Peer 1: 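Sharing a structure below in structure tokens format, with a few things to ask.
All of these numbers come straight from a predicted model, not from anything done at the bench.
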2 protein chains.
Amino acid sequence: MVPLIPVSVDLVVLTVRGQALSALVWRRDNPPYEGHWALSGGFIQLDEDLPAAAARVLAERAGLPGAPVHLEQLQTYGYPDRDPRRRVLSVAYLGLAPDLPASTEAHMSWQPVEELTAMAFDHRRIMMDGVERARSKLEYTSLGAAFCPPEFTVAELRRVYEIVWGRLLDPRNFHRKVTNAEGFLIPTGRTTTRDGGRPAKLYRRGPAENLHPPMLRPRD
Amino acid sequence: MVPLIPVSVDLVVLTVRGQALSALVWRRDNPPYEGHWALSGGFIQLDEDLPAAAARVLAERAGLPGAPVHLEQLQTYGYPDRDPRRRVLSVAYLGLAPDLPASTEAHMSWQPVEELTAMAFDHRRIMMDGVERARSKLEYTSLGAAFCPPEFTVAELRRVYEIVWGRLLDPRNFHRKVTNAEGFLIPTGRTTTRDGGRPAKLYRRGPAENLHPPMLRPRD
DNA sequence: CCAAAAGTGTTTGGCGTACACCCATGG
DNA sequence: CCATGGGTGTACGCCAAACACTTTTGG
């Protein structure tokens, strides 16, 4: 009477490493889509909440147990022929991570988003939806810091914005904006010269979730 | 091996009628939650796409076949005890509708959002998520016009914004903003005096999806 | 001393708000 | 002629872009 459907959770885990926005993927070694890149995913269990399933997939399939990854629901994909074998409904989650080493045991690797053209199933579309969500999240939330290590400089945070948005920002205006935004950055008192030049102050993530006013990205 | 789960599509259909933002609901006449208000919903079929399922529920269960309702995916709700009888995953859709008569045949009615305090399952939370989505959609898209009839005046559109946001707006600045926004409103050449006073120009929805610049709601 | 990067001060222009004012109808 | 709502002009203030300038390190 009531149709029953397998439901998977698929993760679009993004990070900023080197000069590229990158996604956590693995190379399929079996049909269908053998040799194509795929997102990590898994079927949800009968007694399992959706956020719990996403956290389990992050730990077990993506090989990042306990990592400080911000996870949020992205969208649900359900057209019947997504998977050629059988119908699968997929609840996609977006994860924002600092530059952690990818798990070799789980056969995962970071690949620049721009180079991931041949992906399995509809994973390319899901990933690009996640990228667009991440880009707009940087505008009106403080989640840019989720891409950074626990302590970071304003310049490192600016490089995150520049790479995710794909545009250069004025260092001086950026500095003023983020340091003036209430609850965005907490000074640690320490400094670093790891980027050369005058020592830069180190900050931690502040408690603010939303930015007032937002950091609107330049549009041309 | 792979857990199979029933998946429903639930609709948060909103409109502006009278002086209140209202949702399309029905009163349950069977346990569980007998007598409580509920959103319209239905199980998705095995060969059915998610948008198709939402359109079918809108036509068959909500009693609005063919109505000009803007439908978009809202979020997916999946904690196991949402429904006390059995686990059901629910993909919620948000619908923005003009002030249409509710179908008596489908036992649906419009109820002001503020008065819908006792709702079945987690429908109150789903509805409020939809309300918040609608509020922010008015800021950066042209979807405010989805609440209006095919031809409407600037003042009628302004009242939509005022009721959805729950705040009064300056009529003169609002007029300038929406008429200057590229592709938002198309003049029909006709006028009306149905609101009294000087005749107001009538407009149709323009092709623009996104507003540049956005209509930021006042925050205090 | 010089290069490099952090951080500050100042100018300027665009945009949003507030509000005075005029326009076009019904009664 | 007045009430009512539609629509326009304008001054002011804030904020963000642009950029000159100072500070503090390494070599």
Side-chain angles (χ1 to χ4, degrees), chain A residues 19 138-140 144-145 148-149 151-163 165 167-182 184-204 210-220, chain B residues 19 138-140 144-145 148-149 151-163 165 167-182 184-204 210-220:
Chain A
Q19 294 304 308
L138 290 206
E139 292 193 290
Y140 56 91
C148 294
E151 295 202 354
F152 53 92
T153 68
V154 172
E156 287 162 354
L157 181 63
R158 174 169 50 83
R159 262 161 234 140
V160 163
Y161 273 79
E162 289 178 338
I163 289 166
W165 285 349
R167 2 195 2 139
L168 295 177
L169 303 174
D170 184 298
R172 297 150 302 192
N173 293 330
F174 183 87
H175 186 277
R176 187 176 10 229
K177 272 201 245 186
V178 296
T179 52
N180 285 349
E182 186 83 16
F184 193 175
L185 300 180
I186 297 176
T188 65
R190 281 185 287 283
T191 60
T192 182
T193 58
R194 61 189 175 213
D195 295 325
R198 172 174 168 178
K201 292 175 186 155
L202 285 165
Y203 296 89
R204 288 185 292 108
N210 298 309
L211 291 186
H212 298 296
M215 292 265 309
L216 297 178
R217 67 182 128 165
R219 327 220 180 215
D220 301 345
Chain B
Q19 294 303 309
L138 291 207
E139 293 193 289
Y140 57 91
C148 296
E151 295 202 354
F152 53 91
T153 68
V154 172
E156 287 162 354
L157 181 63
R158 174 169 51 83
R159 281 187 271 277
V160 164
Y161 274 78
E162 289 178 338
I163 289 166
W165 285 349
R167 3 197 1 143
L168 295 177
L169 304 174
D170 186 298
R172 299 153 296 192
N173 294 331
F174 183 87
H175 186 277
R176 189 177 4 229
K177 273 199 243 186
V178 298
T179 53
N180 286 349
E182 187 83 15
F184 194 175
L185 300 180
I186 297 175
T188 65
R190 281 185 288 282
T191 60
T192 182
T193 58
R194 60 189 175 213
D195 295 325
R198 171 175 167 179
K201 291 175 187 159
L202 285 165
Y203 296 88
R204 288 185 291 108
N210 298 309
L211 292 186
H212 298 296
M215 292 266 308
L216 297 178
R217 66 182 128 162
R219 327 219 178 214
D220 299 346

Peer 1: I'd like to check A:Phe184 versus A:Thr179 (side-chain heavy atoms, cut-off strictly below 4.5 Å). Are they in contact?
Peer 2: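 Not in contact.
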
Peer 1: Counting only distance, no hydrogens or angles, is the base of D:dG9 paired donor-acceptor with the side chain of B:Arg176 under 3.5 Å?
Peer 2: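 Under the 3.5 Å cut-off, the side chain and the base do form a donor-acceptor pair.
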
Peer 1: OP1 or OP2 of D:dT8 sitting under 4.0 Å from any side-chain N/O of B:His175?
Peer 2: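 Answer is yes, contact under 4.0 Å.
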
Peer 1: With the side chain of B:Val154 defined as its heavy atoms from C-beta on, choose the nearest nucleotide among D:dG7, C:dC19, D:dG6.
Peer 2: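 Of the candidates, D:dG7 comes closest.
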
Peer 1: Expressed in angstrom and rounded to an integer, what is the separation of B:Arg158 atom CZ from D:dG5 atom C1'?
Peer 2: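 That distance rounds to 9 Å.
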
Peer 1: Salt bridge check, A:Arg217 against A:Glu162: does any charged N sit closer than 4.0 Å to a carboxylate O?
Peer 2: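 Salt bridge between A:Glu162 and A:Arg217, a charged N being under 4.0 Å from a carboxylate O: no.
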
Peer 1: Calculate the interatomic distance between A:Tyr203 atom OH and C:dA6 atom C1'; express it in whole Å.
Peer 2: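 Spelled out: OH on A:Tyr203 to C1' on C:dA6 is 10 Å.
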
Peer 1: Can a donor-acceptor pair be found, under 3.5 Å and without considering hydrogens, that links the side chain of B:Glu151 to the backbone of B:Thr188?
Peer 2: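 No, B:Glu151 side chain to B:Thr188 backbone: no donor-acceptor pair under 3.5 Å.
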
Peer 1: What's the CG-C1' distance between A:Leu185 and C:dA6, to the nearest Å?
Peer 2: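 Between C1' of C:dA6 and CG of A:Leu185: 15 Å.
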
Peer 1: Quick check for you: among C:dG7, C:dT25, D:dT25, whose closest atom lies nearest to any side-chain atom of A:Ala200?
Peer 2: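 Output: C:dG7.
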
Peer 1: Before accepting this row, confirm whether a basic side-chain N of the pair A:Arg159/A:Asp195 lies closer than 4.0 Å to the acidic partner's carboxylate O.
Peer 2: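 Looking at A:Asp195 together with A:Arg159, the answer is yes, because their closest N to O distance falls below 4.0 Å.
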
Peer 1: Using whole Å, report how far CG of B:Leu169 lies from C1' of C:dG16.
Peer 2: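 Checked: the CG to C1' distance equals 13 Å.
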
Peer 1: Answer whether the closest heavy-atom distance between the side chains of B:Cys148 and B:Thr153 falls below 4.5 Å.
Peer 2: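 When only atoms from C-beta onward are counted, B:Thr153 and B:Cys148 do not touch, as no gap falls below 4.5 Å.
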
Peer 1: I want to check one thing: is the phosphate of C:dC15, taken as OP1 and OP2, less than 4.0 Å away from some side-chain N or O of B:Lys177?
Peer 2: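 No, because none of the side-chain N or O atoms of B:Lys177 sits under 4.0 Å from OP1 or OP2 of C:dC15.
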
Peer 1: Once you round it to whole Å, what is the distance between P of D:dG6 and CG of B:Leu157?
Peer 2: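 Value for this atom pair: 12 Å.
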
Peer 1: Write down the distance between CG (B:Asp170) and P (D:dG7), rounded to a whole number of angstrom.
Peer 2: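 Roughly 14 Å, once rounded to whole Å.
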
Peer 1: Choose from D:dC19, D:dG7, D:dG6 the nucleotide whose nearest atom is closest to any side-chain atom of B:Arg159.
Peer 2: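 The closest nucleotide is D:dG6.
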
Peer 1: Would you kindly check whether a donor in the side chain of A:Asn173 faces an acceptor in the base of D:dA18, or vice versa, at under 3.5 angstrom?
Peer 2: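 It does, because a donor-acceptor pair links the side chain of A:Asn173 to the base of D:dA18 below 3.5 Å.
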
Peer 1: Distance check needed: C:dG14 C1' versus B:Leu216 CG, whole Å only.
Peer 2: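 After rounding, the gap between these two atoms is 15 Å.
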
Peer 1: Expressed in angstrom and rounded to an integer, what is the separation of A:Met215 atom CE from D:dC15 atom P?
Peer 2: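 A:Met215 atom CE is separated from D:dC15 atom P by 16 Å.
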
Peer 1: Among C:dT25, D:dC19, D:dG7, which is the nearest nucleotide to the side chain of B:Pro199?
Peer 2: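 Between C:dT25, D:dC19, D:dG7, the one nearest the side chain of B:Pro199 would be C:dT25.
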
Peer 1: Find which nucleotide of DNA chain C each of A:Gly197 and A:Thr179 is nearest to by heavy atoms, and output the residue with the more 5' nucleotide.
Peer 2: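 The residue whose closest nucleotide sits nearer the 5' end is A:Gly197.
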
Peer 1: Verify the contact: side-chain N or O of A:Arg198 to OP1 or OP2 of C:dA3, cut-off strictly under 4.0 Å; return yes or no.
Peer 2: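 Indeed not, no polar side-chain atom of A:Arg198 lies that close.
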
